[in-house]
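To start, the structure itself, in structure tokens.
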Amino acid sequence: MSKEITPRTTDYSQWYNDLVLKGGLADYSAVRGCMVIKPYGFALWENMRDRMDRMFKDTGHVNAYFPLFVPRTFLEKEEGHAEGFAKECAVVTHYRLKADPGRKGALIVDPESKLEEELIIRPTSETVIWNAYRDWIRSYRDLPLLINQWANVVRWEMRTRLFLRTTEFLWQEGHTAHATAEEAVEETRRMLDVYADFVENEMALPVIKGVKTANERFAGAVDTYCIEALMQDGKALQAGTSHFLGQNFSKAFDVKFLNRENRLEHVWATSWGTSTRLIGALVMAHGDDNGLVMPPRIAPLQVVIVPIHKGDEQKALIDAKVHALMSELRAMGISVKYDDSDNARPGWKFAEHELKGVPVRIALGARDLQNSVAEVARRDTGEKASVSLDGLASHVRNLLDEIQANLLHRARAYRDAHITRVDTWDEFKKVLEEKGGFVSAHWDGTGETEERIKEETKATIRCIPLDNPAEDGACIFSGKPSRERVLFAIAY
RNA sequence: CGGGAAGUGGCGCAGCCCGGUAGCGCACCUGGUUUGGGACCAGGGGGCCGCAGGUUCGAAUCCUGUCUUCCCGACCA
């Protein structure tokens, strides 16, 4: 079973699909636009989820769960929100089926079961949650309310791609309520930092923190902050968002609290989310033509050991060494698998584990045993080294750290090399066409200009970086004065 | 939702034009030999030909519809 992977240079999209499908992360399903997350992909998601969940809890948040269904009238309450999501909602209109009188065994929607009010399958949960918060919040003593939810959501997209954009996807959404705007903004920024921390340090993906322009803002938000990552094809991908919602939802759902002065005020809100889309980012940022490359810290499997032997006597000797090594590694908290199945030969196993992106592979043969060494191969660079069995476990532990650091370093070097400062419209178009990546350019601050640029180049403003230095200049498109550069890119 | 392509054992494909009841490689099962980068020999199992209609004595093959996927566009995390 040779699993050919389309090289990136031949067809980047196909390469991505090959990695996801052949790497065993996910599969297509019988349902349009929906995918099956397979055990290997789900193990990855679980690792990501667990790390993030810990970080949320460490910053004072608790988990809860709200309904999948949103009454239509809820969605209507916040105007911007309603407009933003209306076009991509799945709607439940009936609650019962019945036998089709015309076709034996067939079912039809029972027209008698029409719902008085349609239920929307949540595209996000602001409305149901704020409707509940109204009853939960009375005074400033109830604040801040810091809640997160792990859930699935549905957005009826026209065109789907595994992990990057599917009709249903898994995510986490934090929804917090605060007594003051300052506190809510602080929360928005804190969670953005948590995301950046997670994505960079666990996923080894460098991100740029920034603010969205009005055009790119979340429907219903006052400000949308984001982390933007760069993929190997030069396209940007939004890896997480954190919104300052102001009082938009508390006003829409009439959520008030008594402040210390005994006066009623609307509360201030935030919401923030990351999704299984991050897996797509991971695949596209680190993968190569041999398959996936998993960052050690979230890899479903960190180390695989492959025995190489002739006959059972040799195998027994290798087994003994391997079992000792495995206990040592496990004691260090490292996940390890002994791939001693007899139905595949070493070469096949090597290729398979490379496809799956296992960070470290150890091959142990009779020859190695004689020399008290093992062959240690790292997935990120493909390098192989002969390493003494003595102290091998701690060598591996260090190597995992090194791989993690190298992946981040490599991705950062690529990212940094693909942030191009341009000052003319010709340059701007040229860089987008020929090089890709982020283009740092002056912009006059108007939505019209942003639109025009998008029409002509497909590039959008990914963000206005948070640590952006002030710099006087002229808008790349209109020539009007500008006070700072913003980051453009063609995005996923 | 428009334009293009594709759906045949688990995977990759041939067969379709010219209708006659399905084949190849890999994978799988059994036995044996093997094992340092995708092993070999022998034997064997597995297919509603995406689904639904229609034409026909007979449909993988012709016709109609429909579903799913890919690529490219318009919309979005």
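Order of the sequence lines sets the chain letters (A, B, ...), proteins ahead of strands, with each chain counted from 1.
- Contact annotation for A/E157: base contact, defined as any heavy-atom pair under 4.0 Å involving a base atom.
- At the heavy-atom level, A/L237 lies nowhere under 4.0 Å from the strands shown.
- Comparing A/T166 and A/K310 along RNA chain B, the residue whose closest nucleotide (by nearest heavy atom) sits nearer the 5' end is A/K310.
- Taking the P atoms as reference points, B/C62 lies 35 Å from B/A74, given to the whole Å.
- Residue A/R165 has no polar side-chain atom (N or O) positioned under 4.0 Å from OP1 or OP2 of B/C76.
- For an aromatic pair to be called close, the ring centres must be under 6.0 Å apart, and A/W272 with A/F56 satisfies this.
- For RNA chain B, no neighbouring residue in residues 197-205 of chain A is found when judged by any heavy atom under 4.0 Å.
- At whole-Å resolution of the value, CG in A/D18 and P in B/G12 are 10 Å apart.
- In terms of heavy-atom proximity, A/Y16 sits nearest to A/M284 at CD1-CG, 3.3 Å.
- Note: A/W130 and A/Y133 have perpendicular aromatic rings, judged against thresholds of 30 and 60 degrees for the angle between ring planes.
- Contact of A/K458 with B/G73 (side chain to base): no donor-acceptor pair of N or O atoms is detected under 3.5 Å.
- Side-chain atoms of A/T167 and A/E157 include no donor-acceptor pair closer than 3.5 Å.
- Electrostatic pairing of A/R54 and A/D50 does not count as a salt bridge here, judged by no charged N lying under 4.0 Å from a carboxylate O.
- The shortest heavy-atom contact between A/Q149 and A/N63 is N-OD1, 4.5 Å.
- Each of A/K454 and A/A344 has a nearest nucleotide on RNA chain B; the 5'-most of these lies closest to A/A344.
- At a cut-off of 3.5 Å, with distance as the only test, no side-chain donor of A/T188 or A/R190 sits close to an acceptor on the other residue.
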Using atom names, set out every protein N or O paired with an N or O of nucleotides 30-33 of chain B below 3.5 Å, distance rounded to 0.1 Å.
none

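- Using modelled atom types and a 3.5 Å distance limit, the side chains of A/H243 and A/T224 yield a donor-acceptor pair.
- To the nearest whole angstrom, the two P atoms, one in B/G44 and one in B/U34, are 24 Å apart.
- Here the C1' atom of nucleotide B/U35 and the CD atom of A/E313 are 14 Å apart, to the nearest Å.
- Under the rule for a ring pair (Phe, Tyr, Trp, His ring centres under 6.0 Å), A/H353 has no partner lying at least two apart in sequence or in another chain.
- Between the P atoms of B/A52 and B/A59, the separation comes to 14 Å (whole Å).
- Comparing atom distances between the A/P346 side chain and each of B/C28, B/C76, B/U35 picks out B/U35 as nearest.
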Sequence-aligned protein contact record of nucleotides 65-71 of chain B, with B where the base is within under 4.0 Å of a protein heavy atom and S where only the sugar-phosphate is: ---SSSS
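- Pairing partner, B/G2: B/C72, with both Watson-Crick or wobble hydrogen-bond distances short of 3.5 Å.
- Of the charged side-chain nitrogens involved, at least one lies within less than 4.0 Å of a carboxylate oxygen, so that A/R379 and A/D288 count as a salt-bridged pair.
- For B/G7 and B/C28, the C1' atoms lie 23 Å apart once the distance is rounded to whole Å.
- For the residue pair A/N215 and A/E450, a side-chain donor N or O sits within less than 3.5 Å of a side-chain acceptor on the partner.
- Comparing B/C18 with B/U61, their C1' atoms are spaced 10 Å from each other, to the whole Å.
- Under a 4.0 Å N-O distance rule, the pair A/K209/A/D193 qualifies as a salt bridge.
- The separation of B/C49 from B/G9, taken at their C1' atoms, amounts to 10 Å, rounded to a whole angstrom.
- Of the candidate nucleotides B/G37, B/A74, B/C76, B/A74 has the atom lying nearest to any side-chain atom of A/M158.
- Proximity of residues 428-436 of chain A to RNA chain B (heavy atom under 4.0 angstrom from any strand atom) is not detected for any residue.
- Going from atom CD of A/E352 over to atom C1' of B/A27 covers 12 Å, rounded to whole Å.
- At the heavy-atom level, A/E354 lies under 4.0 Å from base atoms of the strands shown.
- Cation-pi geometry between A/R361 and A/F350 is met: under 6.0 angstrom from the ring centre, within 45 degrees of the axis.
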In a table with atom names and distances, give each donor-acceptor pair under 3.5 Å that connects a side chain of residues 83-94 of chain A to protein atoms at least two apart or in another chain.
none

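- Comparing B/C72 with B/A60, their C1' atoms are spaced 30 Å from each other, to the whole Å.
- Checking B/C75, B/C28, B/G37 against the side-chain heavy atoms of A/K87 singles out B/C75 as nearest.
- Distance noted for atom P between B/U8 and B/C51: 10 Å (whole Å).
- Among the atoms of the strands shown, none is found under 4.0 Å from any heavy atom of A/Y492.
- A/E433 has no carboxylate O lying under 4.0 Å from a charged side-chain N of A/K429, or vice versa, which leaves the two without a salt bridge.
- Side-chain atoms of A/H81 come within 3.5 Å of backbone N or O of A/A219 as a donor-acceptor pair.
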